[in-house]
Protein chains: 2
Amino acid sequence: MSERGKEPRARSRCPISRTLELVGDRWTLVILRDLFIGKKRYGEFLDSPERITTNILANRLDLIERAGLATRRAYQHRPARYEYELTEKGRDMFPVLYEMSRWANKHYPETFTPPDSFTKAGMKASGARAKRA
Amino acid sequence: MSERGKEPRARSRCPISRTLELVGDRWTLVILRDLFIGKKRYGEFLDSPERITTNILANRLDLIERAGLATRRAYQHRPARYEYELTEKGRDMFPVLYEMSRWANKHYPETFTPPDSFTKAGMKASGARAKRA
DNA sequence: ACTTGTTACTTGCAATATACAAGTATCAGA
DNA sequence: TCTGATACTTGTATATTGCAAGTAACAAGT
């Protein structure tokens, strides 16, 4: 990947629109979810039940890194192997995931309730930043 | 529009994935945002600064209605004119929009802070449902 | 040495979605 | 009759997605 090039200017200054320009697709936030669960490696993301394809995964990992939501670092050289880790900016996305989760749990009974490990990990990761009201 | 046909089965039972299958695109949630602001009509959605195109708007309004996020009703016949209105299911999406807004406000200083009218309207619309823990 | 397996991708191609421009139908009002 | 408004639909080019296959660099087994 790694097609450089200026990112197109934002459609507007609306914060919702701005967020959607970054993560408004079917896959980016499921990778973020996996990172919150503690997954770090390419193969782990591939194993998720949604079955992301390899080209999309590679593309999204690149976008996620370039957007500063996660960092990539080699945990091994020769052959190079990488791990991805959420940044604070990425961790700050937890409340969005949390509210999506609550919404679906309310309106789609076939969805499962996230395990405490997710909720607690996310709460801790995003810290008091997740609080409000 | 109005291509019927069964909706494809969900990728997984994960509530986050399920939500993204519905609203995981660049436009659906900006239309929801407009509905929260109080916009009701086709032309009002078109006027938003993001400049949605007419075919996408028509498609999304159809999807939004079919998903039960809003209802469509004719406010006038001959010629038929319609207004869209959030359902409870749609109003329940407010916390997601709110958290997206907060996230972008924190990480993208060029985004504006939503007016109180948005926040209050949303809080009221989603009511105590948005509360908890 | 050769084969198999693992990891992290890339490449090719068809299908679908999006953007952009233009057109349509139905009416109201001048 | 002409202009304008509203709510779309249609056509076409481009971009994104999904699916299958291939690649590179090694490790371990036979």
Side-chain angles (χ1 to χ4, degrees), chain A residues 1-3 5-12 17 20-31 34-35 39-66 70-85, chain B residues 1-3 5-12 17 20-31 34-35 39-66 70-85:
Chain A
M1 263 312 105
S2 278
E3 305 246 326
K6 284 276 102 215
E7 24 216 82
R9 57 201 163 297
R11 302 183 289 195
S12 77
S17 170
L20 291 171
E21 287 183 69
L22 253 172
V23 302
D25 70 89
R26 270 157 198 67
W27 291 110
T28 304
L29 290 182
V30 344
I31 298 172
D34 282 352
L35 287 164
K39 294 188 181 188
K40 290 170 172 5
R41 300 180 185 181
Y42 194 89
E44 294 182 287
F45 303 127
L46 279 184
D47 284 342
S48 288
E50 292 82 12
R51 318 287 36 230
I52 190 171
T53 54
T54 56
N55 54 347
I56 308 253
L57 176 56
N59 171 257
R60 289 309 190 283
L61 286 173
D62 187 52
L63 291 177
I64 284 168
E65 195 203 349
R66 303 237 299 268
T71 53
R72 181 175 99 137
R73 59 164 240 281
Y75 64 88
Q76 166 194 308
H77 304 279
R78 347 210 49 264
R81 294 286 176 268
Y82 304 96
E83 281 184 346
Y84 296 85
E85 194 170 7
Chain B
M1 265 307 105
S2 280
E3 306 246 326
K6 285 276 100 218
E7 22 217 84
R9 59 198 162 300
R11 303 184 288 196
S12 76
S17 171
L20 291 170
E21 288 183 69
L22 254 172
V23 301
D25 70 89
R26 270 159 198 63
W27 291 109
T28 304
L29 290 182
V30 342
I31 297 171
D34 281 352
L35 286 165
K39 295 188 179 187
K40 291 170 171 3
R41 299 179 186 182
Y42 194 90
E44 293 181 288
F45 304 126
L46 279 184
D47 283 343
S48 289
E50 292 81 13
R51 315 298 23 236
I52 192 170
T53 54
T54 56
N55 53 349
I56 308 255
L57 176 57
N59 172 257
R60 288 312 189 281
L61 286 173
D62 187 52
L63 291 177
I64 283 168
E65 195 203 350
R66 302 236 300 268
T71 53
R72 181 175 97 135
R73 59 163 242 281
Y75 64 87
Q76 167 193 307
H77 304 277
R78 347 207 51 267
R81 294 286 177 267
Y82 303 98
E83 281 184 346
Y84 295 85
E85 193 171 5

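Numbers restart at 1 for each chain; the letters A, B, ... are given by sequence-line order, proteins then strands.
Rounding to whole angstrom units, CG of residue A:Asn55 and P of D:dG22 are separated by 16 Å. A:Ile56 has its CD1 atom 18 Å from the P atom of C:dC13, to the nearest Å. Counting to the nearest Å, the P atom of D:dT16 and the CG atom of A:Asp62 are 13 Å from each other. Regarding B:Asp47, its CG atom lies at a distance of 13 Å from the C1' atom of D:dA7, rounded to whole Å. To the nearest angstrom, P of C:dT7 lies 19 Å from NE2 of A:His77. In this structure, A:Tyr42 atom OH and D:dA24 atom C1' are separated by 14 Å, rounded to whole Å. Look at CD1 on A:Ile52: it is 12 Å from P on D:dC19, rounded to the nearest Å. Remark: P of D:dT6 and NZ of B:Lys39 are 13 Å apart, rounded to the nearest angstrom.
In this structure, B:Arg26 reaches neither bases nor backbone, as no heavy-atom distance under 4.0 Å exists between it and the strands shown. Residue contacts for A:Arg51: at a heavy-atom cut-off of 4.0 Å it reaches no nucleic acid atom on any strand shown.
Looking at the side chain of A:Tyr84, the nearest of the listed nucleotides D:dC19, C:dC9, C:dT18 is C:dC9. Of the candidate nucleotides D:dA5, C:dT10, D:dT9, D:dT9 has the atom lying nearest to any side-chain atom of B:Ala58.
The base of D:dT17 does not come close enough to the side chain of A:Thr53 for any donor and acceptor atom to sit less than 3.5 Å apart.
Along DNA chain D, the nucleotide nearest B:Thr54 and the nucleotide nearest B:Arg11 are compared for position; the residue whose nucleotide lies closer to the 5' end is B:Thr54. Checking A:Arg81 against B:Asp25, the closest nucleotide of DNA chain C that is more toward the 5' end is the one next to A:Arg81.
Between the side chains of A:Thr71 and A:Glu85, no donor-acceptor pair of N or O atoms lies under 3.5 Å.
Contact annotation: A:Tyr75 reaches the phosphate of C:dA8 (side-chain N/O to OP1 or OP2, under 4.0 Å). Taking 4.0 angstrom as the limit, B:Arg72 places a side-chain polar atom (N or O) nearer than this to OP1 or OP2 of D:dC8. The shortest distance between the side-chain N/O atoms of A:Arg60 and the OP1/OP2 oxygens of D:dT17 is below 4.0 Å. Within the 4.0 Å cut-off from OP1 or OP2 of D:dG18, at least one side-chain nitrogen or oxygen of A:Trp27 is found.
Each end of the helix from C:dA1-D:dT30 to C:dA30-D:dT1 gets its own axis from five base pairs, and the two axes differ in direction by 10°, given to 10 degrees.
Remark: side-chain polar atoms of A:Tyr42 are not paired, donor with acceptor, to backbone N or O of A:Arg81 under 3.5 angstrom. With hydrogens and angles ignored, the 3.5 Å screen pairs no side-chain donor or acceptor of A:Glu21 with any backbone N or O of A:Ala10. Side-chain N or O atoms of A:Arg51 include one that pairs as donor or acceptor with a backbone N or O of A:Leu46 at under 3.5 Å.
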request  = Applying salt bridge (charged side-chain N to carboxylate O under 4.0 Å, His left out), run through A:Asp47 and A:Lys39 and close with a yes or a no.
outcome  = CA-CA 10 Å; A:Asp47 284 342; A:Lys39 294 188 181 188; over 6 Å; no
request  = Test side-chain contact (heavy atoms from CB on, under 4.5 Å) on B:Leu20 and A:Val30 and set out the steps.
outcome  = CA-CA 8 Å; B:Leu20 291 170; A:Val30 344; 3.6 Å; yes
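Geometric assessment of A:Arg60 against the ring of A:Phe45 yields a negative cation-pi assignment under the 6.0 Å and 45° thresholds.
In this structure, OH on A:Tyr84 lies 9.5 Å from CD1 on A:Ile31, to the nearest 0.5 angstrom.
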